[in-house]
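Keep in mind it's a predicted model, so treat the numbers as computed, not measured. All chains are named by letter (A, B, ...) in the order of the sequence lines, taking the proteins before the strands, and each is independently numbered beginning at 1.
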Amino acid sequence: MALETTQIQEKLVANFDATTFHFTQEKSIFSIEVASDKITAVLLFLKNDETLRFNFLTDLCGVHYPENESNRQFAVVYHLHNWIDNVRIKLKVFLDGTTPEIKTVSTIFPSSNWMERETYDFYGIHFIGHPQLKRILNMDEMVSFPMRKEFPMEDGGRTDKDDRFFGRTIDNY
Amino acid sequence: MTESKTNMVDAPEGVVGEGFFATKLNDVVGLARANSLWPLPFATSCCGIEFMATMASHYDLARFGSERVSFSPRQADMLMVMGTISKKMAPILRQVYEQMSEPRWVIAVGACASSGGIFDTYSVLQGIDKVIPVDVYVPGCPPRPEQIVDGVMKLQEIVKNESVRRRSSPEYQELLASYNIK
């Protein structure tokens, strides 16, 4: 018998406070918004429960929503995969804009170690309890978190660029 | 032996007589350096693939005295930077340049090495001339092997006409100082 989304929902609600979750079906993937302080407990439960068995963390990444209210500026997204029933779910946690921090899940899924470092590198989201939270892809000297929308995408040091050829001037002359 | 089609470079300008040939030391040294430039390929992306074709039999950079690819910076004369250099890579490129012994020349192959190319972004170095001095720029994305060969030939012209004293001149020291290279 395949694992149904209603089953996942019932299991979670039965074991946690119902206010912890917000369930939605987004296209083909069942998505759960989780309160940020409950994420480790929820992941541990999803991994170890005998019927749920979400044994594999496919992806972990950050999102910046500058338009959102200040306590929902950042999101961390977890993609989980149950290999036995071949079911995937998505967990989303919203974080505060001024001090985005969340507990690390690298103790539950060791594979999240580098993914959390990457998320820290690009969004400046702090993972509390991470064994080695430092930049992974960008140079150590970098002061910005480049995927945050307030930082410019383009390099300021470009000298050969003529804005006229990129449609960036008003009359393009 | 008369039937062999050995190509030789022309002798520099000088005075020829019976049993002697007199010319300038500058020209002889330039001739020798220009026709045995040992390349050090610093290939990070697609321009490096074009360089592989340049080195292979069809385009054959060996015809210009550059068959000996040196993977040790200490023995190389010509640093060929081919591909996107990220900012994280820049100190490594700089270190490789610093490890090369004088005289040393640099060719920036392709748009990325010359100016950052299409990667006008926070993580990419906007041209290697931000960290090391460059002698020849080869345009293209990626340039064809003919263009790379042309770049090497342009560099050969520079090398031939370079004064043997250039590397100890105040202008050159100033150039290195402007890049903060000792």
Do [X] and [Y] share a hydrophobic cluster, counting only Ile, Leu, Val, Met, Phe, Trp and Tyr and linking them when any side-chain heavy atoms are less than 4.5 Å apart?
X      : Y      : answer
A/I108 : A/F56  : no
A/L60  : A/L44  : yes
B/V164 : B/M100 : no
B/V15  : B/L25  : no
B/I158 : B/V9   : no

More than 12 heavy atoms of other residues, nucleotides or ligands under 6.0 Å from [atom1] of [X]: is that the case?
X      : atom1 : answer
B/K154 : NZ    : no
B/E174 : CD    : no
A/E67  : CD    : no
B/E13  : CD    : no

Discussion item. Taking transitive links into account, so neighbours of neighbours count too, which hydrophobic residues share a cluster with B/I118 at under 4.5 Å side-chain distance?
Written reply: B/F119, B/V124

Item to complete: Write down the atom of A/P152, the atom of B/Y122, and the distance for their closest heavy-atom approach.
Response: O-CB, 4.4 Å

Give me the contact list for [range] versus chain A, heavy atoms only, anything under 4.5 Å, ordered by residue number.
range                       : result
residues 129-153 of chain B : B/K130
residues 38-52 of chain B   : none
residues 73-96 of chain B   : B/K87, B/K88

Discussion item. Quick check on the interface: out of B/G127, B/S123, B/G117, who has the most heavy-atom pairs with chain A under 4.5 Å?
Written reply: B/G117

